[in-house]
Amino acid sequence: MAELKEKLFSEFAPVSTEEWMAKITADLKGVPFEKKLVWKTGEGFNVNPFYRAEDIEGLKTTESLPGEFPYVRGTKKDNDWKVRQNIEVTCFKGANEKALDILNKGVTSLGFIIKGSDVNAENIATLLDGICPECVELNFNTCNCKAEMLIGILADYFKGKGADLEKCKGSVNYDPFKKPLVKGKENENWVEAAAAVLKAGAALPGYKVLAVNAFYFNNAGAYISQELGYALAWGNELLAKLTEASLDATEVAKKIKFNFGISSNYFMEIAKFRAARWLWAEIVAAYNPACQ
């Protein structure tokens with residue numbers, strides 16, 4: 001089959017960019033190419049209607065592999081994608097039943113949204129009954145003031161079940177910038193609180209406990225470039241302030257999780273995630289972590 005394809009394409013002479021442009025210009029019959037076919041994005045750059053191999057010559061990212069710096073194609077070498085569903089918890093027994101049901105239908109990652117006043121060991125035990133913490137990614141969103149307590153409860157629960165904490169993966173969504181961004185209120189002591197959460201998170205090596213919730217900007221109507229820029233600045237602020245507080249850059253970076261929004265702008269959103277990985281890798285590298 002490969003040989004047949006070779007013969008097929010060899011019958012066609014190569015066409016240069018200049019020839020393509022000449023043909024397009026002729027077909028436009030005087031209508032300006034820039035006006036008719038070039039997409040002017042809200043992000044501030046233009047997208048041409050076609051691109052060729054010469055447009056990406058010299059770009060290092062074209063040879064980048066998964067799991068290799070700067071992680072443009074992801075931080076993992078495997079193809080283990082998670083299918084996540086969030087559950088807003090009003091009844092812990094009911095939420096547990098729903099979680100077990102959707103796990104049997106193919107979900108591999110659970111997100112639980114819990115009121116801060118409901119965070120206690122008994123409720124968490126009810127919620128996670130019958131769920132293997134080593135087999136399913138578990139994510140928790142609760143009041144910032146209860147995040148540290150929740151981490152401790154989870155660590156104790158997993159230990160009590162005989163789970164290998166190194167194999168337990170998930171997150172606790174502690175977001176020190178939620179109050180100023182969503183409610184417009186100052187969060188004066190966030191560095192101390194974030195440091196306490198980070199230290200508590202050491203009990204769960206596979207859990208990310210510091211959140212960069214960039215979807216706030218997305219939901220507010222930000223352009224992709226704005227969402228990305230604010231998210232990276234936000235992540236850098238976490239790294240900067242926590243390393244100034246004598247915490248290790250490697251440990252801080254490992255515990256940060258980015259949560260982006262996503263729109264129907266398919267190719268631009270793919271580019272956003274690739275750019276986010278690349279730029280974040282460069283930011284972390286500037287702090288000289290023990291490993292990248």
Side-chain angles (χ1 to χ4, degrees), residues 1-84 106 108 212 214-215 217-236 257-286 292:
M1 180 62 74
E3 193 178 326
L4 287 174
K5 285 183 178 178
E6 254 183 58
K7 288 181 180 177
L8 173 65
F9 288 111
S10 66
E11 293 177 9
F12 297 93
V15 181
S16 68
T17 301
E18 290 73 20
E19 289 174 296
W20 273 113
M21 284 300 298
K23 174 61 177 170
I24 292 169
T25 303
D27 288 347
L28 286 173
K29 297 178 180 178
V31 178
F33 174 84
E34 289 279 338
K35 184 177 180 180
K36 187 71 174 178
L37 297 180
V38 174
W39 173 26
K40 295 175 173 57
T41 70
E43 282 65 34
F45 60 88
N46 297 337
V47 179
N48 289 324
F50 72 96
Y51 289 90
R52 295 168 60 83
E54 63 201 55
D55 294 310
I56 58 173
E57 283 179 3
L59 287 180
K60 293 180 181 179
T61 52
T62 59
E63 299 173 2
S64 175
L65 295 175
E68 292 184 3
F69 186 89
Y71 309 113
V72 177
R73 294 179 61 191
T75 56
K76 302 182 297 182
K77 292 185 179 180
D78 59 43
N79 201 26
D80 181 23
W81 292 86
K82 304 296 182 186
V83 179
R84 177 171 167 178
T108 55
V212 174
F215 61 80
F217 300 106
N218 184 284
N219 293 345
Y223 287 122
I224 286 172
S225 55
Q226 293 172 323
E227 180 189 10
L228 179 57
Y230 280 117
L232 292 169
W234 186 345
N236 181 63
K257 182 175 185 178
F258 286 83
N259 298 305
F260 286 97
I262 190 163
S263 70
S264 58
N265 196 343
Y266 186 74
F267 292 109
M268 196 77 78
E269 292 291 359
I270 291 174
K272 177 180 77 179
F273 288 118
R274 289 170 69 97
R277 293 191 195 104
W278 185 359
L279 294 171
W280 179 241
E282 296 287 359
I283 288 171
V284 174
Q292 294 182 19

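Keep in mind the model is a prediction, meaning the values are calculated, not measured.
- A distance-only check finds a donor-acceptor pair linking the side chain of Asp55 to the backbone of Arg52 [under 3.5 Å].
- Listed by chain and residue number, Lys272 satisfy the salt bridge (Lys or Arg N to Asp or Glu O under 4.0 Å) test with Glu269 (two or more places apart in sequence, or in another chain).
- Shortest non-hydrogen contact noted between Asp78 and Asp80 is OD1-N, 3.1 Å.
- For NZ of Lys82, the number of neighbouring non-hydrogen atoms (other residues, nucleotides, ligands) closer than 6.0 Å is greater than 12.
- Here the closest non-hydrogen pair linking Asn46 and Val38 is CB-CG1, 3.5 Å.
- Glu43 CD to Gln226 CD: the interatomic distance, rounded to the nearest 0.5 Å, is 8.0 Å.
- Residue Tyr230 qualifies as open at atom OH: its count of foreign heavy atoms under 6.0 Å is 12 or below.
- Within 6.0 Å of the OH atom in Tyr223, the count of heavy atoms belonging to other residues, nucleotides or ligands does not exceed 12.
- The two residues Phe33 and Leu28 come nearest to each other via the heavy atoms CA-CD1, 3.7 Å.
- The distance from the CZ atom of Phe45 to the CE atom of Met268 is 4.0 Å, given to the nearest 0.5 Å.
- In plain terms, the two heavy atoms of Phe260 and Ala214 that are nearest each other are CD2-CB, 3.7 Å.
- The closest side-chain heavy-atom distance from Arg277 to Val72 is not below 4.5 Å.
- Counting all heavy atoms, side chain and backbone alike, Glu227 lies closest to Ala222 at N-CB, 4.3 Å.
- Of the inter-residue distances, the one linking Leu37 atom CG with Thr25 atom OG1 reads 9.0 Å to the nearest 0.5 angstrom.
- For Tyr51, the OH atom is densely surrounded, since the number of other residues' heavy atoms within 6.0 Å is greater than 12.
- Shown here for Leu232 and Ala276, the closest heavy-atom pair between the two residues is CD2-O, 4.1 Å.
- A 6.0 Å sphere centred on CZ of Phe267 holds no more than 12 heavy atoms belonging to other residues, nucleotides or ligands.
- Separation of atoms CG (Leu228) and CG (Leu279) is listed at 6.0 Å; rounding is to 0.5 Å.
- Contact check for Met21 versus Phe50: side-chain heavy atoms found under the 4.5 Å cut-off.
- Side chain of Lys40 to main chain of Glu34: a donor-acceptor pair is present (N/O by atom type, distance under 3.5 Å, no hydrogens or angles).
- Panel note: side chain Thr75, backbone Tyr71; no donor-acceptor pair is recorded below 3.5 Å.
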